[in-house]
2 protein chains.
Amino acid sequence: MTPSRAAGEPTRDQIVSFLERCADRGVPPTVREIGDAVGLRSPASVHRQLRTLEEDGRIICDGDGRSRSWRITKPKSRRRGGGMIPVVGRIAAGEPIDSLEGEEDFLPIPPNGFASSGDVVALRVEGNSMTDAGILSGDYAIIRRQPEVENGQVAAVSIDGQGTLKVWRRTGKGKISLEPRARGFEVIRLGRGSGEVSVFGRLVGVARMYGEG
Amino acid sequence: MTPSRAAGEPTRDQIVSFLERCADRGVPPTVREIGDAVGLRSPASVHRQLRTLEEDGRIICDGDGRSRSWRITKPKSRRRGGGMIPVVGRIAAGEPIDSLEGEEDFLPIPPNGFASSGDVVALRVEGNSMTDAGILSGDYAIIRRQPEVENGQVAAVSIDGQGTLKVWRRTGKGKISLEPRARGFEVIRLGRGSGEVSVFGRLVGVARMYGEG
DNA sequence: GAGGGTAGCGAACGAATGTTCGCATGTCGA
DNA sequence: TCGACATGCGAACATTCGTTCGCTACCCTC
């Protein structure tokens with residue numbers, strides 16, 4: 001009889017996922033702790049899956065017979081919330097740029113300082129429409145992904161798939177203004193029939209790195 | 001007979017140091033591993049020191065009787081190069097501020113992204129003399145400590161013990177200009193007899209965090 | 001020198017842990 | 001239907017590991 005376990009994610013993926021979470025927290029789990037986490041009551045069941053995962057190269061065993069020695073093969077640099085903020089693309093601070101996503105690089109800044117939780121990414125800013133807000137072309141905009149922002153907050157907005165960084169202001173029912181923060185740039189006014197507009201996220205931080213020049 | 005152990009650092013400090021190193025690497029050690037690391041051949045010896053350290057509040061035991069459960073009380077935020085940049089004080093972007101150092105806080109940004117090596121600290125910017133360079137009051141200036149900078153680079157400069165953030169320019173023999181980057185601020189010109197001037201470091205990055213507002 | 005405190009050792013015990021073995025159940029294709 | 005296969009269980013077994021106990025040695029102070 002197959003035991004009544006939470007359906008959906010396969011057992012082996014659950015184990016890998018649990019090991020990832022443990023790697024984030026610091027202490028690797030024991031075999032029985034893994035069993036508790038994924039719903040396997042016998043350490044033998046866990047152990048067999050661990051061996052299989054090892055053959056697949058997804059996990060490795062640090063010591064042989066030592067306690068808490070099973071761990072993820074690679075620290076999974078795609079992991080968010082552990083150390084890096086992924087740079088998922090570029091964003092305009094002038095004319096909207098078409099490519100808003102497409103993971104490119106990693107910014108060595110833990111999101112903890114910018115947002116305690118949630119999905120935080122970085123976008124490289126191109127353009128000068130926000131220079132008066134201290135956001136220059138080449139800066140990294142730290143964006144927390146969220147579907148809505150409040151009036152006056154700086155938002156990464158997607159207009160017909162093109163992304164731009166502006167101050168968000170709802171001026172009326174279905175009417176939105178996207179305000180630049182620099183001289184020489186016009187306010188973008190959006191109403192009905194202005195195309196598809198969606199908030200990508202809210203600006204929670206800015207990071208800039210100077211080279212040797 | 002006291003065994004021949006490496007003299008110098010007391011055993012207890014060695015243990016704490018070893019636990020710190022393990023915390024960095026990820027896996028907490030077993031009692032016997034600690035013994036091997038610090039030169040204690042009996043787990044009993046290690047265990048007694050662990051209990052003493054626990055009473056002193058320097059370490060804590062996560063689980064009681066579980067393996068690998070001894071760890072450092074606090075992750076020692078003073079550590080540099082591992083995760084945080086220390087915020088060592090405030091710096092003026094307007095009128096010089098007297099307090100340049102005095103460790104206050106930690107910015108959750110690893111220096112790796114800003115400088116591969118060296119002593120990197122953060123200073124909280126106060127004032128608006130560098131706003132045209134995208135450095136606003138309240139930002140964190142990421143400073144790599146170095147005694148000299150080149151013309152045109154932004155430097156944290158100490159004038160008679162007062163710190164300020166400006167563009168550094170040597171205008172002649174013994175003559176220095178400190179240029180603001182904002183309207184309404186005057187260039188500070190320094191020559192012989194202008195007091196003691198020293199470069200605190202070079203600006204290698206800027207970080208800004210927005211709150212909920 | 002006596003005595004207390006500190007710090008080390010080895011031995012031992014019990015619990016935790018990794019690992020193996022045999023068995024049962026469900027799936028899938030021949 | 002039958003057998004190979006995957007997966008789970010419980011029961012061991014062998015280490016590992018945390019912890020305790022008694023002992024010895026050194027360093028003090030009195």
Side-chain angles (χ1 to χ4, degrees), chain A residues 1-19 22-23 25-73, chain B residues 1-19 22-23 25-73:
Chain A
M1 193 265 301
T2 299
S4 62
R5 285 179 38 254
E9 199 178 18
T11 301
R12 217 141 351 164
D13 291 338
Q14 282 186 57
I15 292 177
V16 173
S17 169
F18 181 64
L19 285 177
C22 288
R25 279 205 18 259
V27 187
T30 66
V31 173
R32 284 171 180 80
E33 284 171 354
I34 297 172
D36 288 343
V38 306
L40 289 176
R41 279 183 292 187
S42 169
S45 307
V46 179
H47 193 255
R48 178 171 356 187
Q49 301 298 354
L50 290 174
R51 283 285 177 224
T52 308
L53 283 168
E54 188 186 29
E55 287 173 13
D56 295 348
R58 300 178 64 183
I59 67 175
I60 60 176
C61 185
D62 263 334
D64 219 36
R66 300 184 330 122
S67 67
R68 304 174 188 275
S69 56
W70 292 100
R71 63 176 181 84
I72 295 294
T73 305
Chain B
M1 194 263 304
T2 300
S4 64
R5 287 178 37 251
E9 199 178 19
T11 301
R12 215 132 18 174
D13 292 338
Q14 283 186 57
I15 292 178
V16 173
S17 169
F18 180 65
L19 285 177
C22 288
R25 280 207 15 262
V27 187
T30 66
V31 173
R32 284 171 180 80
E33 284 171 354
I34 297 172
D36 289 342
V38 305
L40 289 176
R41 280 183 292 187
S42 168
S45 308
V46 179
H47 193 253
R48 178 170 2 183
Q49 301 299 354
L50 290 174
R51 283 284 176 225
T52 307
L53 284 167
E54 188 186 29
E55 287 173 14
D56 294 348
R58 300 178 64 183
I59 66 174
I60 59 175
C61 184
D62 262 336
D64 221 36
R66 300 185 331 122
S67 66
R68 303 172 188 277
S69 56
W70 291 100
R71 63 177 181 83
I72 296 292
T73 306

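Chain A is the first sequence line, chain B the second, and so forth, proteins listed ahead of strands; every chain is numbered from 1. Not measured: the values here are computed from a predicted model. Because only heavy atoms are used, hydrogens play no part in the values below, and waters and symmetry mates are left out as well, while side chains stay in.
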Query - Rounded distance (Å) that lies between atom C1' of D:dG8 and atom CD1 of A:I34 - result: 16 Å
**Report entry** Positions of residues 44-54 of chain B (non-hydrogen atom under 4.0 Å from DNA chain D), listed by number
**Finding:** B:A44, B:H47, B:R51
Requested in this report: Start with the C-alpha distance between A:E54 and A:R51, add both sets of side-chain angles, then the distance that settles side-chain contact (heavy atoms from CB on, under 4.5 Å), and finish with yes or no.
Outcome: CA-CA 5 Å; A:E54 188 186 29; A:R51 283 285 177 224; 2.9 Å; yes
Report task. Of all the heavy-atom pairs spanning A:P29 and A:I34, show the shortest one and how long it is. Result -> CG-CG1, 3.6 Å
Query raised in the report: Which whole-number value in Å describes the distance from A:R41 CZ to D:dT7 C1'?
Result: 14 Å
Report task. Quick one: closest heavy-atom pair of B:G35 and B:V46, and the distance? Result -> CA-CG2, 3.4 Å
When you compare the protein's N or O atoms with those of nucleotides 12-17 of chain C, which come within less than 3.5 Å of each other, and at what distance?
unit_1 : atom_1 : unit_2 : atom_2 : d
C:dT17 : OP1    : A:R68  : NH2    : 3.1

Report task. Write down the atom of A:W70, the atom of A:L19, and the distance for their closest heavy-atom approach. Result -> O-CD2, 3.8 Å
Query raised in the report: Tell me: CH2 of B:W70 to P of D:dC17, nearest whole Å?
Result: 16 Å
Query - Nearest-0.5 Å distance that lies between atom OG1 in A:T52 and atom NE2 in A:H47 - result: 10.0 Å
Query raised in the report: Got a donor-acceptor contact below 3.5 angstrom from the B:R68 side chain to the B:P28 backbone?
Result: yes
**Report entry** Interatomic distance, A:S67 atom OG to A:E33 atom CD [nearest 0.5 angstrom]
**Finding:** 10.0 Å
Report task. Check if the side chain of A:S42 and the base of D:dG8 share a donor-acceptor pair of N or O atoms closer than 3.5 Å. Result -> no
Report summary line: The reported gap from CG in B:L50 to CD1 in B:I59 (rounded to nearest 0.5 angstrom) is 4.5 Å
